[in-house]
Asker: 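Encoded as structure tokens, here's the structure I'll be asking about.
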There are 2 protein chains.
Amino acid sequence: MQKEHNLSKNQKIIFDLIDKSGGPMKAYSILFNVQKKGIKAPLQVYRALGKLVEIGKIHKIESRNAFIACQNSSCQVSKATAFSICESCENVSEISNSKLSKYLSNFSDNSGMKYSKYNLEFFGLCKKCKSK
Amino acid sequence: MQKEHNLSKNQKIIFDLIDKSGGPMKAYSILFNVQKKGIKAPLQVYRALGKLVEIGKIHKIESRNAFIACQNSSCQVSKATAFSICESCENVSEISNSKLSKYLSNFSDNSGMKYSKYNLEFFGLCKKCKSK
DNA sequence: TAACGTTATGTAATAATATAACATTTATAA
DNA sequence: TTATAAATGTTATATTATTACATAACGTTA
Ligand SMILES: [Zn+2]
Ligand SMILES: [Zn+2]
Ligand SMILES: [Zn+2]
Ligand SMILES: [Zn+2]
């Protein structure tokens, strides 16, 4: 059962934009796109992004400095994320594989460290780009 | 058997600095530290970093925009990397776990994508920070 | 309702990270 | 040698992200 988060005005504008885009978006591209809605400054964008990441509605693709809407309805928080990234067309998908997530969530080694979160990024060529 | 790369002057200066630091270093901190050795501009640092990453002598910690010397002698290229990051003291270690790397290198799903590279970052509290 | 604490917003300035463009030099190899 | 690739030097600029401070909206409870 997913907690309902009542998004604020700016959070909703920015989430809707990212979600509808269907892919990763960069902060300043978001800013450009929401200026007509009254969001004029980078900080307004970064604050909304920060909150949306915190509650798991979006994730940051670290290697690309970009943000993508969560494609996995059960992702309440951004604490166990995996993505596949095409190095040619830059298409990104969230990987939703229960074996993988179990394996990583349960991973431990002899470092004495307790892992509470992970982020995994796979790179390669997508189907389309491979066949070119 | 690891290929010997003859590092250039700037590459050697920057690699030695990162390696001796024993942890992750940020580009502008590197720049500051090597200015006395004649490296004066960001681009000189980023070019050396780019090459060092390419040949696997260092890795980029994406979530921190920082660079760490490879702690795994068999890492020829930065194509299969895993790190543990303490969210309190920011200590970073490269994870060298053959089961994990086999599991991830062989991972495939039904997306039709061929994965040639991955980067995994685990977050948590290290032993020291946990006991505080 | 009133008071309070929390969350979100607005705005300006600036910090931190990274690359483009161009000229020159050094290393490698045919 | 000649050519080719790799590395360097330098200036300027692009991109990504945060600090600082003031104000407004929201939710809770007295
Ligand atoms: Zn998700
Ligand atoms: Zn592709
Ligand atoms: Zn390594
Ligand atoms: Zn720690």
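All values derive from a computational prediction rather than experimental measurement.
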Asker: Counting only side-chain N and O atoms of A/Gln44, is one of them less than 4.0 Å from OP1 or OP2 of C/dT11?
Answerer: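 For A/Gln44, the contact criterion (side-chain N or O under 4.0 Å from OP1 or OP2 of C/dT11) is not met.
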Asker: With no hydrogens and no angle check, do the side chains of B/Ser8 and B/Asn10 hold a donor and an acceptor under 3.5 Å apart?
Answerer: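 No donor-acceptor contact under 3.5 Å links the two side chains.
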Asker: Taking only N and O in the side chain of A/Lys12, is any of them less than 4.0 Å away from OP1 or OP2 of C/dT9?
Answerer: no
Asker: Atom CD of A/Gln11 to atom P of D/dC26: distance rounded to whole Å?
Answerer: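 To the nearest whole Å, that distance equals 13 Å.
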Asker: Does anything in residues 84-93 of chain B form a side-chain hydrogen bond (donor to acceptor under 3.5 Å, both in side chains)? List the pairs, not counting sequence neighbours.
Answerer: A/Lys117-B/Glu87, B/Arg64-B/Glu90
Asker: Between P on C/dA16 and CD1 on B/Ile30, what's the gap in Å once rounded to a whole number?
Answerer: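 Taking atom P of C/dA16 as the reference, CD1 of B/Ile30 is at 15 Å.
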Asker: How many whole angstroms separate atom CG of B/Asn10 from atom C1' of D/dA6?
Answerer: 12 Å
Asker: Which whole-number value in Å describes the distance from B/Ile39 CD1 to D/dG9 P?
Answerer: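 After rounding, the reported distance stands at 7 Å.
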Asker: Do any N or O atoms from the side chain of B/Glu121 and from the backbone of B/Glu62 form a donor-acceptor pair under 3.5 angstrom?
Answerer: yes
Asker: Check this for me: does the side-chain of B/Tyr28 come within 3.5 Å of the base of C/dA15 through a donor and an acceptor?
Answerer: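 Side chain to base: no pair below 3.5 Å.
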Asker: Hey, what's the ring geometry for B/Tyr118 with A/Phe122, parallel, tilted or perpendicular (30° and 60° as the breaks)?
Answerer: perpendicular
Asker: Tell me which of A/Ala27 and B/Lys40 sits closer to the 5' end of DNA chain D, going by the nucleotide each one is nearest to.
Answerer: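 Closest to the 5' end, via its nearest nucleotide, is B/Lys40.
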Asker: Check for me, please, whether B/Tyr115 and A/Leu120 land in the same ILVMFWY cluster - side-chain distances under 4.5 Å, paths through other members count.
Answerer: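 In one cluster: yes.
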Asker: Check whether any side-chain N or O of B/Lys9 sits under 4.0 Å from OP1 or OP2 of D/dA7, and answer yes or no.
Answerer: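 The answer is no; no side-chain N or O of B/Lys9 sits under 4.0 Å from OP1 or OP2.
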Asker: Between B/Lys26 and C/dT17, is there a side-chain N or O to OP1/OP2 distance below 4.0 Å?
Answerer: yes
Asker: Hey, does the side chain of B/Ser8 come within less than 4.0 Å of C/dA27's phosphate (OP1/OP2), counting only N and O?
Answerer: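 Result: no.
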Asker: Roughly how many Å is it from CZ in A/Arg47 to C1' in C/dA12, rounded to a whole number?
Answerer: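 Between C1' of C/dA12 and CZ of A/Arg47: 12 Å.
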Asker: May I ask you to verify if any side-chain N or O of A/Asn6 is less than 4.0 angstrom from the OP1 or OP2 atom of C/dT7?
Answerer: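 No.
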Asker: What's the CG-P distance between B/Leu31 and C/dT19, to the nearest Å?
Answerer: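 Distance, rounded to whole Å: 15 Å.
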Asker: If you measure from the ring centre of B/Tyr46 to the centre of the six-membered ring in the base of C/dT19, is it under 5.5 Å, with the planes under 30° apart?
Answerer: no
Asker: Given atom CZ of B/Arg64 and atom C1' of D/dA17, what is their separation to the nearest angstrom?
Answerer: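 Checked: the CZ to C1' distance equals 15 Å.
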Asker: Let me know the distance between CG of A/Leu43 and P of D/dA22, rounded to the nearest Å.
Answerer: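 Atom CG in A/Leu43 sits about 16 Å away from atom P in D/dA22.
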Asker: Between A/Asn65 and C/dT17, is there a side-chain N or O to OP1/OP2 distance below 4.0 Å?
Answerer: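 No, because none of the side-chain N or O atoms of A/Asn65 sits under 4.0 Å from OP1 or OP2 of C/dT17.
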